[in-house]
Amino acid sequence: MRDDLSEKAVGLARICGRTFQETALEVLSALFEDFLPEELEGCVSHAYGSGFDDGRIVPVRRLSSDYLLELFHGPTCAFKDIALQILPHLMNCSRARSDDRILVLTATSGDTGKAALAGFADVDNIGICVFYPYRKVSDIQELQMVCQSGGNVGVCAVRGTFDDAQAGVKQIFCDAGLVGRLAARGISLSSANSINIGRLVPQISYYFDAYAQLVRLGTLTLGDAVDFCVPTGNFGDVLAGYYAKLMGLPVGKLIVASNDNNVLTDFIATGTYNRMREFRKTISPSMDILVSSNLERLLYHLSGGDCAYVASLMDQLADKGSYTVDGELLSRIQAILGCGYATNAESAEAIRRTFEQSGILIDPHTAVGKHVMDGIPAEGRPRILLSTASPYKFPADCLAALGHDTEGMSGFEAMDELETVTGTAAPASLSTLRFQKRLRNDVCDINGMADFVCSIAARTFA
Ligand SMILES: *Cc1c(COP(=O)(O)O)cnc(C)c1O
């Protein structure tokens with residue numbers, strides 16, 4: 001991918017008359033120069049079609065005086081589908097030789113896992129192996145993963161946190177012995193986490209498309225700036241927004257919304273990143289992250305590409321668990337990023353308030369963003385809140401937030417009750433999960449992850 005994104009400007013006037021698919025094609029073509037136009041066209045049309053339950057793919061709707069960008073209309077009901085529906089096709093086009101085999105490894109805090117499984121299941125010459133933290137994802141999220149069919153699929157719960165699982169995956173990538181043994185069989189490892197640039201680039205598209213939708217609504221005049229509020233964990237989604245800004249989208253502020261694991265809030269406010277704190281399990285589990293992998297990339301860009309400086313910060317993070325950026329870098333960060341966080345109680349309150357005031361049911365991740373956005377005065381620009389998951393992925397927490405007793409309820413009982421109480425409908429892909437068969441039951445310790453990877457490689461590429 002090209003390093004200097006400002007040379008890759010997307011024509012704003014042009015995209016205002018375009019579909020999401022056309023805009024995605026323009027963004028991908030600008031950044032992936034090694035692909036043929038017809039290859040990218042094929043990738044886009046495979047990815048963004050009937051798997052989505054809304055023809056606009058990422059519809060924008062009004063939310064009192066702001067806007068909501070709904071990113072959960074894909075097959076697994078979370079925004080990660082936008083990237084993971086297209087990533088397998090991009091990887092297939094970019095394989096050096098047609099018989100090269102790829103094993104994709106992913107750590108998930110809940111949503112990436114299923115989105116990656118849905119994208120990669122039964123893709124030829126690619127295997128997919130997903131690790132999630134044992135008992136730290138929702139019932140529905142777990143079922144979505146363990147019911148995934150496909151002969152090239154591995155799903156394993158890891159005893160530990162998401163950060164442990166992510167560190168375990170990184171360690172496997174660095175295990176020269178294992179990587180060598182796989183390479184001898186023509187298998188290379190790849191990642192489907194948001195550290196993979198093929199995940200980030202497709203996400204840039206919806207920032208542009210949301211802007212185009214607001215121009216068509218008459219809310220924006222071409223060239224007006226807009227703010228985005230982004231519920232965040234690994235910082236991938238925010239980074240995609242920053243890339244959109246570099247590519248010419250008039251972005252005012254990107255508001256970084258965290259839950260109780262508010263490392264990023266403190267970092268943006270003070271310049272000190274300190275992961276040495278208690279890990280908190282929240283009702284927005286996909287954001288329960290203390291080491292935001294993609295922040296390093298923002299630091300790289302904002303320090304003017306000073307690799308040595310960024311590497312020294314990352315070394316400090318690894319060695320003592322914290323680092324502090326210099327004052328100049330901090331002011332550049334603060335010029336672009338706003339920040340805030342929401343506790344569980346505040347997120348629940350945001351769900352209740354939003355439903356009462358607008359009749360719109362939001363999920364606990366989106367609710368974190370809603371609380372944070374409401375706490376920051378609008379600076380005269382329209383604001384778009386990224387809605388990252390369907391509330392029906394977290395039905396019990398949504399129902400409880402609306403004031404209902406969920407004691408002893410299963411995920412599906414909560415789903416049914418949530419439909420009745422709100423008069424909204426659960427996506428079919430979630431409500432029919434109750435009839436599906438649990439296909440997998442693997443659990444391992446951190447140091448058992450490598451063995452699991454080997455077993456999936458053996459099975460997939462037998
Ligand atoms: C992954 C996820 C997030 C966080 O996205 P990042 O790119 O990791 O910042 C927020 N909400 C939901 C529902 C998610 O699945």
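We count ligands from 1, going down the list as the structure has it; atoms in each ligand are counted the same way.
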Taking 4.0 angstrom as the limit and counting only heavy atoms of D111, give me the atoms of ligand 1 inside it, by number and element. 12 (C), 13 (C), 14 (C), 15 (O)
For F235, atoms of ligand 1 separated by under 4.0 Å from a heavy atom: 6 (P), 8 (O), 9 (O)
What protein heavy atom sits nearest atom 8 (O) of ligand 1, and how far away is it? N234 N, 2.8 Å
What atoms of ligand 1 come within less than 4.0 Å of a heavy atom belonging to T232? 9 (O)
When you check the gap from the basic side-chain N to the acidic O, do R353 and E356 get nearer than 4.0 Å? no
Contact with ligand 1 for F72, non-hydrogen, under 4.0 angstrom: no
Main-chain N/O of T19 paired to E22 side chain as donor or acceptor, under 3.5 Å: yes
By the definition side chain to side chain donor-acceptor pair (under 3.5 Å), identify the one residue from D260, D288, D397, T343 that meets it with T282. D288
I'd like to know if the side chain of R280 and the backbone of N259 have a donor-acceptor N/O pair within less than 3.5 Å. no
Show me which atoms of ligand 1 lie under 4.0 Å from any heavy atom of G236. 6 (P), 7 (O), 9 (O)
Salt bridge flag under 4.0 Å for residues R159 and D164: no
State whether the shortest distance between N or O atoms of G233 and N or O atoms of ligand 1 falls below 3.5 angstrom. yes
Among protein heavy atoms, which lies nearest atom 11 (N) of ligand 1, and at what distance? T388 OG1, 2.8 Å
In terms of residue, atom name and distance, what is the protein heavy atom nearest to atom 7 (O) of ligand 1? D237 N, 3.0 Å
Kindly give the heavy-atom pair with the smallest separation between T406 and A396, and that separation in Å. CG2-O, 3.6 Å
If the cut-off is 4.0 Å to any non-hydrogen atom of P231, which atoms of ligand 1 fall inside it? 4 (C), 10 (C)
Measure centre to centre between the rings of H371 and Y341, then say whether the value is under 6.0 Å. no
Nearest to atom 2 (C) of ligand 1, what protein heavy atom do you find, and at what distance? K80 NZ, 2.3 Å
Flag, side chain of T366 to backbone of T388, donor-acceptor distance under 3.5 Å: yes
Using a 4.0 Å cutoff against the non-hydrogen atoms of A389, which atoms of ligand 1 qualify? 13 (C)
